[in-house]
Colleague: 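Take a look at the following structure, please.
We number each residue from 1, following the sequence as shown. Being a predicted model, the structure only gives us computed values, none of them experimental.
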Amino acid sequence: MRSPVHRCRDVEHGRGHGGGGGGGGTTTTTTTTEQRIPISRDVITSSSARAMWFIRDACGIVCAAITWLLLFYAEFVVLFVMLLPSHNLYYSVVNGALFNTLAFLALASHLRAMCTDPGAVPKGNATKEYIESLQLKPGQVVYKCPKCCSIKPDRAHHCSVCKRCIRKMDHHCPWVNNCVGENNQKYFVLFTMYIALVSLHTLVMVVFHFLNCFEDDWTKCSSFSPPATVILLILLCFEGLLFLIFTSVMFGTQVHSICTDETGIERLKGETGRWGKVACWEAMEVAFGGPFSLSWCSPFAGLSCTRSPMQHIAVPQGDIIEEDVIEIPLE
């Protein structure tokens with residue numbers, strides 16, 4: 001392949017406008033707007049898909065720890081204030097099993113969302129040798145991220161916290177200490193769904209426990225003193241209501257983003273409508289890893305339907321290119 005680097009130019013970050021005037025430099029338009037085809041995100045794979053992924057961000061780590069602590073607090077109150085002191089064994093067993101199952105799935109989903117590569121583009125691959133190895137078609141455009149020096153595929157955005165470009169980045173969530181992107185959106189959706197369900201279940205149990213305590217003696221409905229029981233239940237009720245509202249909104253927002261094939265950052269930047277959208281059900285199958293089945297609800301099921309980020313492509317070594325935009329010459 002002939003080197004494309006001899007026909008390159010610098011542009012400002014408003015890349016979708018075809019070659020408007022930049023910051024002080026002259027630009028020459030070599031291809032029309034219709035010919036400027038960005039690289040598909042299928043071309044560039046993640047180099048860390050098999051490795052453990054963890055963001056060393058203090059704020060994110062604290063928020064993730066708070067999430068786990070709040071769930072453990074709910075576990076403590078549900079078991080030791082409401083279920084164990086109950087005289088109805090069937091009520092305690094059924095609600096205890098349901099609560100712990102939902103809480104376990106929520107924590108597992110949180111862990112998968114936090115420790116899964118969201119779709120990071122390999123760092124420092126913006127080299128002449130790597131561009132030539134992609135075997136791109138004439139008229140395609142290569143975008144370089146000036147922050148992480150990587151070749152940006154279509155619909156990828158740079159995250160200032162992860163310090164990487166993320167494919168189909170929706171947003172960076174401090175509560176999971178990770179970006180929500182192409183590879184871990186399923187786990188984030190499951191996390192919000194299970195937290196909403198466990199919060200709703202907790203609120204129902206709190207209401208029934210209050211009614212039971214009002215009808216019975218407060219000293220018999222809890223192993224704690226009446227004032228301590230009331231305080232623990234009120235705090236749990238407030239926590240459950242807050243989490244129910246927050247995670248329900250997030251769950252609805254994420255499902256809407258998947259169905260419309262638009263990420264949150266794309267809507268925020270007004271980048272929608274620049275690619276061929278897929279149908280709602282097809283987008284759901286891609287996000288959740290295959291045709292509809294019970295594996296959609298499992299945080300342990302892999303994403304076999306995603307566009308194979310598991311194959312590691314060796315990045316040819318070389319110097320980082322200086323240009324932010326490389327246009328493959330027309331033949």
Colleague: Check whether any side-chain N or O of S298 sits under 3.5 Å from a backbone N or O of L294 as a donor-acceptor pair, and report yes or no.
Modeller: no
Colleague: Does any non-hydrogen side-chain atom of V204 lie less than 4.5 Å from one of F208?
Modeller: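 Yes, side chains in contact.
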Colleague: Is there side-chain contact between V286 and V278, with heavy atoms separated by less than 4.5 Å?
Modeller: no
Colleague: Whether the W175 and H110 side chains hold a donor-acceptor pair (N or O, under 3.5 Å, no angle test) is what I'd like checked.
Modeller: no
Colleague: From L236 CG over to M82 CE, what is the distance, rounded to the nearest 0.5 angstrom?
Modeller: 5.5 Å
Colleague: Please check if the side chain of N95 supplies one atom and the backbone of L83 the other of a donor-acceptor pair under 3.5 Å.
Modeller: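 Not confirmed, N95 side chain does not pair with L83 backbone.
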Colleague: Would you please indicate yes or no on a ring centroid separation below 6.0 angstrom for H209 and Y91?
Modeller: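 No, they do not, as the ring centres are separated by 6.0 Å or more.
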Colleague: Can you find a heavy atom in the side chain of V176 that is under 4.5 Å from one in the side chain of T67?
Modeller: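 V176 vs T67: side chains apart.
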Colleague: Within the structure provided, determine whether F243 and L70 are in side-chain contact (heavy-atom separation under 4.5 Å).
Modeller: yes
Colleague: Starting from the C-alpha separation in whole Å, work towards a yes-or-no answer on side chain to side chain contact (heavy atoms under 4.5 Å, CB included) for K163 and K147.
Modeller: CA-CA 8 Å; K163 296 179 175 59; K147 297 178 181 178; over 6 Å; no
Colleague: Would you compute the distance between atom CG of L71 and atom OG of S199 and round it to the nearest 0.5 angstrom?
Modeller: 8.0 Å
Colleague: For the backbone of Y187 and the side chain of R112, can you confirm whether one donor and one acceptor N or O come within less than 3.5 Å of each other?
Modeller: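 Here the side-chain-to-backbone pair does not exist.
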Colleague: Which residues pass the side chain to side chain contact (heavy atoms under 4.5 Å, CB included) test with I258, not counting sequence neighbours?
Modeller: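 I258 satisfies side chain to side chain contact (heavy atoms under 4.5 Å, CB included) with Q185, V189, A283, M284, A287, F288 only.
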Colleague: Would a distance-only check, ignoring hydrogens and angles, find a side-chain to backbone donor-acceptor pair under 3.5 Å from D170 to G264?
Modeller: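 Yes; at least one donor-acceptor contact below 3.5 Å.
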Colleague: Using the rule given for side chain to side chain contact (heavy atoms under 4.5 Å, CB included), can you reason through L84 versus S92, listing the C-alpha separation, both sets of side-chain angles and the distance that settles it, and then say yes or no?
Modeller: CA-CA 7 Å; L84 291 181; S92 298; over 6 Å; no
Colleague: Is it true that K168 and E182 have a side-chain N and a carboxylate O under 4.0 angstrom from each other?
Modeller: no
Colleague: More than 12 non-hydrogen atoms from neighbouring residues, nucleotides or ligands closer than 6.0 Å to OH on Y90, yes or no?
Modeller: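 Counting other residues, nucleotides and ligands, OH of Y90 stays at 12 neighbours or fewer.
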Colleague: How far does NZ of K144 sit from CG of N125, to the nearest 0.5 angstrom?
Modeller: 11.0 Å
Colleague: Just verifying a value: how many Å separate T229 OG1 and I234 CD1, rounded to the nearest 0.5 Å?
Modeller: 11.0 Å
Colleague: Distance alone, cut at 3.5 Å: any donor-acceptor contact between the side chains of Q254 and S257?
Modeller: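 On atom types as modelled, these side chains do not qualify, holding no pair under 3.5 Å.
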Colleague: Quick one, C162 and N178 - any side-chain contact, counting heavy atoms below 4.5 Å?
Modeller: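 They are in contact (side-chain heavy atoms under 4.5 Å apart), so the answer is yes.
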Colleague: Can you tell me how far the OH atom of Y143 sits from the CD1 atom of I151, to the nearest 0.5 Å?
Modeller: 12.0 Å
Colleague: Is a donor on one side and an acceptor on the other found under 3.5 Å between the side chain of S150 and the backbone of K152?
Modeller: no
Colleague: Would you say that H158 contacts R164 through its side chain, given a criterion of any heavy-atom pair below 4.5 Å between the two side chains?
Modeller: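 Not touching, per the 4.5 Å side-chain cut-off.
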Colleague: Out of curiosity, F251 CZ to L190 CG, how far, rounded to the nearest 0.5 Å?
Modeller: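 Nearest 0.5 Å value for the CZ-CG distance: 8.5 Å.
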Colleague: One thing to verify: whether R155 and D261 come together as a salt bridge, which I'm taking to mean a side-chain N less than 4.0 angstrom from a carboxylate O.
Modeller: yes
Colleague: Does one hydrophobic cluster hold both V249 and F191, with members joined at side-chain heavy-atom distances below 4.5 Å?
Modeller: no
Colleague: Using modelled atom types only, decide if a donor and an acceptor are shared between the side chain of N184 and the backbone of C179 within a distance under 3.5 Å.
Modeller: yes
Colleague: Would you confirm whether N177, through its side chain, and M114, through its main-chain N or O, come within 3.5 Å as a donor-acceptor pair?
Modeller: no
Colleague: Ignoring hydrogens and geometry, is there a side-chain-to-backbone donor-acceptor pair from R167 to V121 under 3.5 Å?
Modeller: no
Colleague: Would you say V78 and N100 make side-chain contact, with heavy atoms under 4.5 Å?
Modeller: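 Of all side-chain heavy-atom pairs linking N100 with V78, none is under 4.5 Å.
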Colleague: Ring-plane angle category for F188 and H171, please: parallel below 30°, perpendicular beyond 60°, tilted otherwise.
Modeller: perpendicular
Colleague: I'd like to know if the side chain of Y73 and the backbone of E239 have a donor-acceptor N/O pair within less than 3.5 Å.
Modeller: no
Colleague: How are the rings of W296 and F292 set to each other: parallel, tilted or perpendicular (split at 30° and 60°)?
Modeller: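 Because their plane-to-plane angle is over 60°, the rings of W296 and F292 count as perpendicular.
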